Amino acid sequence: QVQLVESGGGSVQAGGSLRLSCAASGYISNRMCMEWFRQAPGKPREGVAAIDSDGSISYSDSVKGRFTISKDNANNTLYLQMNRLKPEDTAMYYCAADRGLGLTVVPGTLPGSGFFADWGQGTQVTVSS
């Protein structure tokens with residue numbers, strides 16, 4: 001099992017930036033795929049960006065060109081740099097890990113939430129217009 005702790009959320013005005021972090025601890029596999037999800041009130045959870053163990057990356061169309069996912073393997077930390085934020089980016093953001101299933105990220109697609117067994121508690125992002 002992997003413990004995940006997100007941080008970095010907050011309130012910003014439209015056009016601003018935030019950087020989310022997700023610190024992982026516990027059993028961390030070198031074949032682990034990780035993804036950022038978000039959920040706005042009254043809406044289903046959606047994938048935002050994913051990165052696999054080989055560094056392959058994919059983004060949702062709604063954030064492509066504005067958000068950047070990265071990971072620091074030495075510090076077991078996943079990041080999400082969010083630029084040019086919009087009010088519609090307002091949501092609780094979660095990171096998730098697949099426990100080393102070796103899930104492959106194909107650019108243009110995002111693994112569904114069912115592939116991920118370990119989740120953080122979330123960090124709130126609020127973007128005002």
Side-chain angles (χ1 to χ4, degrees):
Q1 186 175 356
V2 178
Q3 290 76 46
L4 303 170
V5 179
E6 302 96 333
S7 61
S11 297
V12 297
Q13 290 191 325
S17 298
L18 285 172
R19 188 193 196 200
L20 306 184
S21 299
C22 172
S25 61
Y27 179 72
I28 299 171
S29 168
N30 59 10
R31 299 176 70 238
M32 193 164 66
C33 174
M34 299 186 75
E35 186 165 337
W36 286 100
F37 290 83
R38 68 185 181 186
Q39 188 167 21
K43 294 187 177 181
R45 187 170 296 186
E46 63 171 348
V48 174
I51 184 168
D52 67 19
S53 58
D54 291 328
S56 182
I57 288 172
S58 187
Y59 298 96
S60 68
D61 288 341
S62 61
V63 307
K64 195 176 300 180
R66 299 188 297 122
F67 291 11
T68 302
I69 188 172
S70 62
K71 62 179 179 176
D72 180 345
N73 291 324
N75 293 304
N76 297 321
T77 302
L78 181 73
Y79 299 100
L80 186 69
Q81 177 67 45
M82 306 186 295
N83 297 328
R84 304 199 308 275
L85 282 160
K86 304 176 181 180
E88 50 263 45
D89 295 318
T90 295
M92 186 71 79
Y93 283 70
Y94 302 88
C95 66
D98 75 346
R99 291 192 186 178
L101 292 176
L103 195 59
T104 297
V105 172
V106 177
T109 68
L110 287 170
S113 59
F115 288 103
F116 298 93
D118 296 311
W119 294 79
Q121 82 289 347
T123 187
Q124 178 68 39
V125 172
T126 303
V127 185
S128 58
S129 57

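Here, residue 1 is the first one in the sequence, and each next residue gets the next number. Note that the structure is a prediction, hence the values are computed from the model and not measured. Only heavy atoms go into these numbers, but all of them, side chains included; no hydrogens, no water, no symmetry mates.
Of all heavy-atom pairs between L85 and L18, the closest is CD1-N, 3.8 Å. Residues G102 and D98 come closest through the heavy atom pair N-OD2, 3.6 Å. When all heavy atoms are compared, the tightest approach of V106 to S58 is O-OG, 3.6 Å. Nearest approach of Y94 to G120, heavy atoms of both residues: CD2-O, 3.6 Å. Contact detail for K43 and Q39: the closest heavy-atom pair is O-NE2, 3.1 Å. Nearest heavy-atom pair, P87 versus S128, reported as atom, atom and distance to 0.1 Å: CG-C, 4.4 Å.
The structure places NZ of K71 at 12.0 Å from SG of C22, a figure rounded to the nearest 0.5 Å. A distance of 9.0 Å separates CD of Q121 from CG of L4, quoted to the nearest 0.5 Å. Here the CG atom belonging to L78 is positioned 7.0 Å from the OG atom belonging to S70, to the nearest 0.5 angstrom. Here CZ of R31 is found 10.0 Å from CG of L103. Values are rounded to the nearest 0.5 Å. If you take CD on Q3 and CG on N76, they are separated by 11.5 Å, rounding to the nearest 0.5 Å. Atoms CZ and SG, from R99 and C33 in turn, are 14.5 Å apart once rounded to the nearest 0.5 Å.
In terms of modelled atom types and a separation under 3.5 Å, the side chain of R38 and the main chain of Y93 share no donor-acceptor contact. Without hydrogens or angle criteria, D118 side chain to A97 main chain gives no donor-acceptor distance under 3.5 Å. Remark: the backbone N or O of S56 is not paired with any side-chain donor or acceptor of D54 at under 3.5 angstrom. One N or O on the side chain of T90 and one on the backbone of V127 form a donor-acceptor pair closer than 3.5 Å.
Remark: R19 is positioned above the aromatic ring of Y79, its terminal NZ or CZ atom under 6.0 angstrom from the ring centre and at most 45 degrees off the axis.
Checked against a 6.0 Å centroid threshold, the rings of W119 and F37 count as neighbours.
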Test log, rule side chain to side chain contact (heavy atoms under 4.5 Å, CB included), inputs S17 and N83
CA-CA 4 Å; S17 298; N83 297 328; 3.0 Å; yes
Quick one: do E6 and W36 satisfy side chain to side chain contact (heavy atoms under 4.5 Å, CB included)? Show the steps, please.
CA-CA 10 Å; E6 302 96 333; W36 286 100; 3.9 Å; yes
Under the side chain to side chain contact (heavy atoms under 4.5 Å, CB included) rule, what do L110 and E35 come out as? Steps first, then yes or no, please.
CA-CA 8 Å; L110 287 170; E35 186 165 337; 3.8 Å; yes
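The hydrophobic clustering, which links ILVMFWY residues whose side-chain heavy atoms are closer than 4.5 Å, places V63 and M34 together. Taken together through direct or relayed side-chain contacts under 4.5 Å among Ile, Leu, Val, Met, Phe, Trp and Tyr, V12 and F67 form part of one hydrophobic cluster. Hydrophobic clustering (ILVMFWY, side-chain heavy atoms < 4.5 Å, transitive): L80 and V105 are in distinct clusters.
A salt bridge is absent between D89 and K86: the closest approach of a Lys/Arg side-chain nitrogen to an acidic carboxylate oxygen does not fall below 4.0 angstrom.
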